[in-house]
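Atoms within a ligand are numbered from 1 in the order they appear, just like the ligands themselves. This is a predicted model, so every value here is computed, not measured.
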Amino acid sequence: MRKVPFFDYPRLWTDERDELLNIIDSTSSMGGFIMQKALSDFENELADFCRSSYSVGVANATDGMEIFLEAIGVNPGDEIIISSHTMLATASAIKVAGGVPVPVDIGYDNLIDPKCIEDAITSRTIGIMPTQLNGRTCDMDTIIKIAEKHRLFVVEDAAQALGSEFKGKAAGTFGLASDISFFPAKVLGCLGDAGAVLVSDDKLYEKIYQIHDHGRDVKDGEVKRWGRNSRLDNIQAAILSYKLKSYNSVIERRREVATIYNERLSHLNELVLPVAPDAEPDHFDVFQNYELTAQRRNKLKEFLAEKGIGSLIQWGGTAIHHFKHLGFTQECPKTDAFFEKCIMLPMNIFISNDDIHYVCDQIESFYRS
Ligand SMILES: Cc1ncc(COP(=O)(O)O)c(C=O)c1O
């Protein structure tokens, strides 16, 4: 039987073993493990790629959010509005920084609904942190207008969205700061945990830099404040530099995969598909995930597994406001309905066109039966 895994992790290594071994060898031979040239080179390349003034490599994107929120300043009880459809990390970073995460409902594209943001603003709200989910950037014009009207800051959880754009501007560059994740299954993934913060303001950059490296200053290493260790390893940075060189072709391939799925599946009334790659000129989506809703979702998932096809329900099927035992009391009915039916199909650069057609054939046969 044909096998189409949801994500073929070993191929991250086996497909490029020689190149990766060379990178590990040359970085290690120089003894350049921590805070060396491979890291600063990658930070510069990433900032250039996103057209941001600075990027700071960190140990993972969750640390990145905690660090930029600490740098901005969050007081106990300060509320920050987030999407109900995001990783728990978005909310936990706010909690760790001392604030209160306030999830709100999603809109037609499954990202935070700007209309719900305004309804959730209280006298304690200090900021909005939209998640640029599934490799798509929110309508940032509307979100920034709301923020300006209510004097709130905007930061972004862009963990899933490197290379995505709204009106030609890169995800992660709309607010005061943002995080990017390089978890192996991300569009730009390394061989372990890694992340980065994007930031443009000079003073905020200095603070973020200090917090991620034991409070030490970027210019002379002098300790300026309390900090922590959340640095991006040089070997991972060197691997990310290498992969960033071919990143645009990776994005193009993912958009091709999405196009084939959309063309093949759009006639099925039982499915609601993501927005097609060229359907909305304001958005450039990089398809970190191909997430849709499907009638009889659980049965479909089982059927696909029997046919050797991997699929995944994002966040294990739990939206942020479903974590009642963590204190959430918000109602998000659109997210609830979405989570009854959502599923992600294989979306990566390892999948062949034949595999995609096989997945689509099986989905068609499921709904015909
Ligand atoms: C939307 C979102 N935010 C935050 C994170 C956390 O990223 P990391 O694993 O690098 O901490 C992820 C990772 O999956 C994510 O998808």
Side-chain angles (χ1 to χ4, degrees), residues 6-7 9 12 42 46 55-70 80-97 101 103-104 106 109-112 128-138 140 143 154-164 171-172 174-175 177-198 208 211-212 228-233 236-237 239-240 243 254 274 285-291 312-323 335 338-339 342 344 347-348:
F6 181 74
F7 191 87
Y9 284 94
L12 280 176
F42 173 64
L46 181 71
S55 91
V56 181
V58 289
N60 55 69
T62 309
D63 274 12
M65 284 187 275
E66 289 174 19
I67 290 169
F68 70 61
L69 287 170
E70 184 182 336
I80 299 178
I81 295 172
I82 61 172
S83 173
S84 50
H85 184 6
T86 184
M87 193 184 183
L88 189 57
T90 324
S92 66
I94 294 169
K95 198 76 194 168
V96 168
V104 302
I106 54 175
D109 58 1
N110 312 323
L111 275 63
I112 194 167
I128 309 170
M129 178 150 70
T131 293
Q132 316 296 18
L133 191 77
N134 292 337
R136 179 178 169 89
T137 308
C138 301
M140 293 307 294
I143 292 176
V154 174
V155 287
E156 296 162 73
D157 180 357
Q160 293 196 355
L162 178 63
S164 159
F174 289 89
S178 70
D179 60 293
I180 306 280
S181 175
F182 306 118
F183 180 85
K186 291 289 184 273
V187 183
L188 184 68
C190 63
L191 303 179
D193 270 321
V197 172
L198 300 178
I208 288 169
I211 295 169
H212 100 298
R228 57 155 97 182
N229 174 0
S230 182
R231 301 177 300 223
L232 169 54
D233 288 356
Q236 300 291 3
I239 291 168
L240 289 165
K243 290 194 161 200
R254 295 180 89 104
D285 301 347
V286 300
F287 290 89
Q288 165 63 57
N289 300 308
Y290 186 85
E291 188 175 44
L312 203 72
I313 299 172
Q314 200 154 203
W315 326 128
T318 311
I320 296 293
H321 67 290
H322 294 161
F323 288 101
T335 312
F338 179 83
F339 271 74
C342 63
M344 300 191 292
M347 164 56 78
N348 51 71

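Of the listed options M65, Q288, K186, M87, M87 places a heavy atom closest to atom 5 (C) of ligand 1.
Here's the thing with S181: one of its N/O atoms is less than 3.5 angstrom from an N/O atom of ligand 1.
Taking every heavy atom of Q160 and a limit of under 4.0 angstrom, the matching atoms of ligand 1 come to 1 (C), 16 (O). For ligand 1, the atoms closer than 4.0 angstrom to any heavy atom of T131 are 1 (C). Close approach of ligand 1 to A159 (heavy-atom distance below 4.0 Å) involves ligand atoms 2 (C), 3 (N), 4 (C), 5 (C), 12 (C), 15 (C).
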Audit row: L162, V286, side-chain contact (heavy atoms from CB on, under 4.5 Å) steps and yes/no: CA-CA 8 Å; L162 178 63; V286 300; over 6 Å; no
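Of the heavy atoms in D157, only side-chain atoms (C-beta onward) come closer than 4.0 Å to ligand 1. Contact annotation for A61 and ligand 1: heavy atoms of both the backbone and the side chain come within less than 4.0 Å of the ligand.
Among all non-hydrogen protein atoms, the one lying nearest atom 6 (C) of ligand 1 is T62 OG1, 3.4 Å.
Residues E291 and N110 have side chains that never bring a donor and an acceptor to within less than 3.5 angstrom of each other. For the residue pair S164 and T137, a side-chain donor N or O sits within less than 3.5 Å of a side-chain acceptor on the partner.
Taking OG from S178 and CD from Q132, the interatomic distance works out to 8.5 Å, rounded to the nearest 0.5 Å. Distance CD1/I320 to OG/S83: 8.0 Å, rounded to 0.5 Å.
Under the 30°/60° scheme for interplanar angles, the aromatic rings of F338 and H85 are found to be tilted.
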